[in-house]
Every structure is written in C-alpha cells, then in structure tokens.
There are 2 protein chains.
Amino acid sequence: MSSSKHHDHKRCVTSALENAAAICSSRGLRLTPLRRQILELVWHSHRPLGAYSLMEMLAEHSGRKLVAPPTVYRTLDFLVEHGLIHRVHTLNAFVGCSHPAGPHSDVLFICRECQTASEVHSPQVYKAIHICAAEQQFKVVQQMLEVVGICAGCAARKP
Amino acid sequence: MSSSKHHDHKRCVTSALENAAAICSSRGLRLTPLRRQILELVWHSHRPLGAYSLMEMLAEHSGRKLVAPPTVYRTLDFLVEHGLIHRVHTLNAFVGCSHPAGPHSDVLFICRECQTASEVHSPQVYKAIHICAAEQQFKVVQQMLEVVGICAGCAARKP
DNA sequence: CCACGTTATGTTATTATATAACATTGGCAA
DNA sequence: TTGCCAATGTTATATAATAACATAACGTGG
C-alpha cells in the first residue's frame with residue numbers, strides 16, 4: 001500500500017527508531033521493548049493508527065500475550081509526552097512525529113482519500129497563532145492544528 | 001458560574017438563537033424545537049459540552065422523555081454542518097459558533113482552568129495555513145485549530 | 001549481593017463516546 | 001387524502017479511554 005512518494009520506507013522507519021533511541025538516551029528515558037514496538041508500528045504506517053488497531057497489530061505481529069488498553073494508552077502517552085508521536089484528534093489516532101527533537105510548531109495535513117498524514121513545519125503559521133494568542137493575552141500551552149483535505153498525490157490520481 | 005467577562009449572557013444566548021433562526025430561515029433549514037433546545041443549551045455554557053452532558057441536561061431541563069444518543073448526535077451534526085456550533089476535538093465536545101454566517105477561519109482558544117472556549121477570527125492565521133497548504137499542493141477541505149492554554153482572566157486570578 | 005524505592009507493565013472492570021440499523025412520526029405538497 | 005421526505009425515536013452495539021489495583025523489572029545505596 002502507501003509507499004506513495006518513492007521514499008524507502010523501511011529506512012525511514014529505521015531512522016525514526018534510531019532517532020528516538022538517541023533522544024531517549026540523551027534525556028535519560030527508557031525506550032523499552034514495548035515502547036519501541038509501538039513506536040515502530042506507528043511509524044510503519046504513514047497513516048494514523050488507533051490504539052485498538054495497535055493492540056491487534058501487537059498481538060499478531062510480535063506474538064505478544066495480548067496487550068490491554070491501559071498498557072497501550074500508557075505507552076502512547078509516553079511517546080506523545082516526549083514528542084515521539086502525535087495524537088491526531090480528528091481521527092482518534094496516532095502518527096509518528098517526523099522531527100521529534102524540535103519545538104512541534106507544525107501543521108498536520110490529513111488526506112481524506114489515502115489517510116496519509118504529513119507533518120509540515122511552518123514557522124509562519126506558528127507565528128500567526130502566537131500573535132493571535134498574544135492579542136487575547138492567552139498563554140499557549142499546547143496547540144493543535146489539523147487540516148483535512150486532499151493530498152497532491154490523490155488529487156493527481158483523481159482528476 | 002462563568003459570566004466572567006461582564007457580558008450579559010442571557011442576551012448573548014438570545015441573540016445567538018435569533019441569529020440561528022434567521023440563518024436557517026434564509027437557507028430553508030428547519031430549526032426544530034429539538035435543534036433549538038440543543039443549540040440553546042450549548043450556548044448557555046461558554047464551555048464546550050459533551051453529547052452526553054447535553055442529553056442529561058435535556059432530560060432534566062426540558063422535561064423531555066429522555067433523548068437517546070443517536071438523536072443528540074444527529075442534531076449536533078446538523079448544527080455543526082450548518083456552522084451553528086463547532087465540534088471541539090480536543091475535548092470531544094461542542095461549543096456555539098460566534099459568527100455562524102462567515103467562513104469559519106478561526107482559532108479556538110480553550111482555557112485549561114475555566115474551560116471557556118473562545119473563538120477568534122484570524123485572517124492572518126487562515127492565510128498562513130492556506131499558503132502552507134498550497135506549498136504542499138494540498139487541497140483544504142476543513143481545518144481545525146485548537147489552542148489549549150490559560151486565558152487572560154485565569155492568568156490574572158492566579159499570579 | 002540484597003533490600004528497597006521507583007518505574008513499567010499486567011489485569012479486571014468500567015466509563016465515555018459514537019454509530020448502525022430499523023421503526024415511527026410529522027410536515028407538506030401533489 | 002395519499003404519499004413522500006425529513007426528523008425523531010428505539011434498540012443494540014461498536015469504539016475509545018480510564019480507574020484502581022496487582023505484579024514485575026530496574027537500578028541504587030547499604
């Protein structure tokens with residue numbers, strides 16, 4: 001499926017994992033097997049995955065005993081908290097963060113057709129939001145910007 | 001509760017309802033009693049309300065027979081579809097739209113402390129997002145921008 | 001090494017959110 | 001009136017998330 005943009009997906013996953021390992025190590029966090037597996041599964045798909053899908057995949061995939069919801073959610077919380085994945089609220093799902101070290105000032109474009117979610121770093125948008133917040137004297141803790149529509153690939157395929 | 005900013009809330013609700021009635025009438029939509037009641041309840045609170053809270057409120061409030069989830073969701077869908085309310089994804093909740101006639105290019109600021117959600121129209125943010133989308137050749141269907149943080153009022157109260 | 005506190009995971013049950021599928025009602029126009 | 005269509009009602013169930021408590025694994029100071 002996916003693999004739309006001719007990028008080497010296996011490599012892409014591998015590098016994301018290495019990246020995550022480096023980040024965890026540098027911050028004194030433990031990238032346990034479970035965390036690593038879930039991160040890998042999330043990354044394996046470029047489309048956001050729900051917690052329950054992940055549970056199933058874990059069960060099949062890794063021959064694990066069957067991981068219960070709380071375990072998955074805790075793990076996802078960990079990954080979100082440390083910026084390794086994003087929660088996609090419009091889909092109740094999770095997707096890998098493509099630049100986990102940075103400040104997470106990004107826009108998530110979600111394609112209606114192929115469900116691919118791509119994260120775009122946009123200082124302009126970020127700045128506009130913060131100016132707007134400042135005008136309200138609103139102190140930003142966390143922002144969430146999700147745009148739903150049709151990606152370039154799908155638009156091309158469906159004229 | 002709320003009534004933070006010294007605005008006359010009753011009036012504010014009333015005008016929102018009148019506004020909605022006008023919009024429906026002009027578009028040939030039916031603002032039925034149920035729709036009207038739910039819209040009123042949503043507006044009555046400036047904080048986003050969940051579907052199930054609304055159900056309870058309907059039951060107590062309007063002496064109605066007890067409205068089941070599908071009915072509430074359908075009604076909420078109608079109101080969202082025609083821009084009379086917004087869905088707040090970060091909270092799985094709904095809040096009145098303060099300018100239902102316009103193009104809905106707005107930012108929703110949600111206060112962590114008092115749960116108030118306020119909608120701010122910001123052409124700058126809107127523009128930045130669309131420029132960013134254009135760069136990706138992404139066709140925007142719907143966008144969602146929610147910012148969580150501390151509102152001016154709460155920041156003032158808690159030094 | 002081991003006793004202990006801490007962090008991570010397991011387990012069971014439950015709550016919260018949302019929709020599917022089909023039945024009934026009510027307005028309205030031919 | 002009849003017949004259609006939109007709105008609401010009803011029953012059951014799917015999907016998402018958390019609470020509360022139990023156990024295991026990890027590492028540090030003694």
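Keep in mind that what you see is a predicted model, and the values were worked out from it rather than measured. Letters go in sequence order (proteins before strands), and every chain restarts at 1.
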S.K.: Show your working on side chain to side chain contact (heavy atoms under 4.5 Å, CB included) between B/V95 and B/R47 and close with a plain yes or no.
M.R.: CA-CA 7 Å; B/V95 72; B/R47 46 194 90 177; over 6 Å; no
S.K.: Can you say whether the rings of B/Y126 and B/H130 are parallel (under 30°), tilted (30 to 60°) or perpendicular (over 60°)?
M.R.: tilted
S.K.: In sequence, state the C-alpha distance, the side-chain angles, and the governing distance for A/T75 and A/L39, and then conclude on side chain to side chain contact (heavy atoms under 4.5 Å, CB included).
M.R.: CA-CA 9 Å; A/T75 306; A/L39 184 57; over 6 Å; no
S.K.: A/L76 has an atom CG; how far is it from atom P of C/dA8, in whole Å?
M.R.: 15 Å
S.K.: Under 4.0 Å from OP1 or OP2 of C/dT9: is there any side-chain N or O of A/R35 that close?
M.R.: yes
S.K.: By nearest nucleotide on DNA chain D, pick out whichever of A/R74 and A/Y52 is the more 5' one.
M.R.: A/Y52
S.K.: Using a cut-off of 4.0 Å on non-hydrogen atoms, how would the nucleic acid contact of A/T71 be classed: base, sugar-phosphate, or nothing?
M.R.: base
S.K.: Would you compute the distance between atom CE of B/M144 and atom CE of A/M144 and round it to the nearest 0.5 angstrom?
M.R.: 3.5 Å
S.K.: Check the orientation of A/F109 and B/F138. Use parallel for under 30°, tilted for 30 to 60°, and perpendicular for over 60°.
M.R.: tilted
S.K.: Please name the pair of heavy atoms, one in A/I23 and one in A/A101, separated by the smallest distance, quoted to 0.1 Å.
M.R.: CD1-N, 4.1 Å
S.K.: At the 4.0 Å heavy-atom cut-off to chain A, mark where contacts on DNA chain D begin and end, going 5' to 3'.
M.R.: D/dA16 to D/dC26
S.K.: Looking at B/E119 and B/S98, would you say the former's side chain and the latter's main chain have a donor-acceptor pair under 3.5 Å?
M.R.: yes
S.K.: Identify the heavy atoms of A/L49 and A/V42 that sit nearest to each other, and give their distance.
M.R.: CD1-CA, 4.1 Å
S.K.: Is A/T32 close enough to C/dT9 that one of its side-chain N or O atoms is under 4.0 Å from OP1 or OP2 there?
M.R.: yes
S.K.: Using the six-membered ring wherever Trp is involved, compare the ring planes of A/F78 and A/H82 and label them parallel, tilted or perpendicular (cut-offs 30° and 60°).
M.R.: tilted
S.K.: Between A/W43 and A/C97, which heavy-atom pair has the shortest distance, and what is it?
M.R.: CZ2-O, 3.1 Å
S.K.: More 5' along DNA chain C: B/Y73 or A/P70, using each one's nearest nucleotide?
M.R.: A/P70
S.K.: Near DNA chain C, which residues from residues 77-91 of chain B have a heavy atom under 4.0 Å away?
M.R.: B/R87
S.K.: Of the residues in residues 22-30 of chain A, which ones touch DNA chain D at a heavy-atom distance under 4.0 Å?
M.R.: A/R30
S.K.: So which of A/T116, A/V88, A/T90 actually passes side-chain contact (heavy atoms from CB on, under 4.5 Å) with A/P48?
M.R.: A/V88
